[in-house]
K.L.:
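Below: one structure in structure tokens.
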Amino acid sequence: KNEVEQSPQNLTAQEGEFITINCSYSVGISALHWLQQHPGGGIVSLFMLSSGKKKHGRLIATINIQEKHSSLHITASHPRDSAVYICAVIRPSGTYKYIFGTGTRLKVLA
Amino acid sequence: DVKVTQSSRYLVKRTGEKVFLECVQDMDHENMFWYRQDPGLGLRLIYFSYDVKMKEKGDIPEGYSVSREKKERFSLILESASTNQTSMYLCASRPYEGGETQYFGPGTRLLVL
């Protein structure tokens with residue numbers, strides 16, 4: 001079993017829909033990172049969080065440390081949100097290690 | 001803005017060739033990373049460098065080596081390329097360990113024939 005599991009693996013939505021991507025992990029972490037990868041490969045950071053909730057525009061990320069679970073929500077989805085969304089956990093300080101999920105491929109149809 | 005650049009976006013090499021992938025960051029970051037990304041497997045760490053001339057093996061170092069002679073540049077070397085090294089290679093940097101975000105380069109898609 002992977003230490004970081006994402007669901008769903010693939011997701012197709014209609015423009016305007018509310019989208020949720022889930023990430024569960026089984027190891028101790030100091031923080032969790034949501035990343036976005038567009039076709040062509042470039043990866044950009046969306047959020048880093050260690051507790052609670054963060055919001056940026058139409059994106060909201062939440063984390064529940066006790067349940068070892070995080071969600072990424074996209075409100076009013078748009079075709080430009082089509083990308084692969086990757087969850088990565090950062091191991092406690094003293095190590096360099098990130099553990100990545102395999103990603104959720106999102107396609108938003110106009 | 002932090003900028004991480006990689007020397008090539010696409011590369012085609014023959015089996016047995018020596019391959020150099022270069023990564024340069026412009027923000028004086030101490031930590032630099034090389035990952036490979038394969039379908040269904042996510043990103044896997046090949047090597048990590050926490051300072052000039054310092055390196056540590058990641059999860060899949062076999063068949064690879066690295067060089068960090070200057071702080072801004074981290075090179076990944078495939079000593080003798082093999083077809084199972086066909087992959088997307090991503091470089092990243094971050095200022096220090098302890099939870100700071102990583103900044104990724106655009107990736108190099110390597111095909112070994």
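What you see is a predicted model, and the numbers here were worked out from it, not measured in a lab. Here is the naming used below: chain letters follow the sequence lines, and residue numbers restart at 1 for every chain.
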K.L.:
According to a hydrophobic-cluster definition based on side-chain heavy atoms being under 4.5 Å apart (Ile, Leu, Val, Met, Phe, Trp, Tyr only), do A:V44 and A:I90 belong together?
P.N.:
no

K.L.:
With a 4.5 angstrom heavy-atom cut-off, which part of A:Q9 approaches chain B: side chain, backbone, both or neither?
P.N.:
neither

K.L.:
More than 12 heavy atoms of other residues, nucleotides or ligands under 6.0 Å from CZ of B:R109: yes or no?
P.N.:
no

K.L.:
At a 4.5 Å cut-off on heavy atoms, which part of B:R44 comes close to chain A: side chain, backbone, both, or neither?
P.N.:
neither

K.L.:
Mind running ring pair (Phe, Tyr, Trp, His ring centres under 6.0 Å) on A:F100 and B:Y35 for me, showing each step along the way?
P.N.:
CA-CA 11 Å; A:F100 294 84; B:Y35 296 96; 5.1 Å; yes

K.L.:
Tell me, do B:Q37 and A:V84 make a side-chain contact under 4.5 Å, heavy atoms counted?
P.N.:
no

K.L.:
Same cluster or not: B:M32 versus B:I46, using hydrophobic residues (I, L, V, M, F, W, Y) connected whenever any side-chain heavy atoms lie under 4.5 Å apart?
P.N.:
yes

K.L.:
Is there a continuous path of hydrophobic side-chain contacts, each under 4.5 Å between heavy atoms, that joins A:L59 to A:W34?
P.N.:
yes

K.L.:
Examine whether an atom of A:I43 lies under 4.5 Å from a heavy atom of chain B, and if so say whether it belongs to the side chain, the backbone or both; otherwise answer neither.
P.N.:
both

K.L.:
Give, for atom CG of B:D38 and atom OG1 of A:T102, the distance between the pair rounded to the nearest 0.5 Å.
P.N.:
12.0 Å

K.L.:
So, do A:Y98 and B:L43 sit near enough that their side-chain heavy atoms are less than 4.5 Å apart?
P.N.:
no

K.L.:
Chain B heavy atoms under 4.5 Å from A:I29: which part of the residue, side chain, backbone, both or neither?
P.N.:
neither

K.L.:
Is A:I60 linked to A:L106 within one hydrophobic cluster, defined over Ile, Leu, Val, Met, Phe, Trp and Tyr using a side-chain heavy-atom separation of less than 4.5 Å?
P.N.:
no

K.L.:
Are B:M88 and A:I86 connected into the same hydrophobic cluster when the rule is that any two of I, L, V, M, F, W, Y join if their side-chain heavy atoms are below 4.5 Å apart?
P.N.:
yes

K.L.:
Who among B:P106, B:G105, B:G107 has the most heavy-atom pairs with chain A under 4.5 Å?
P.N.:
B:P106

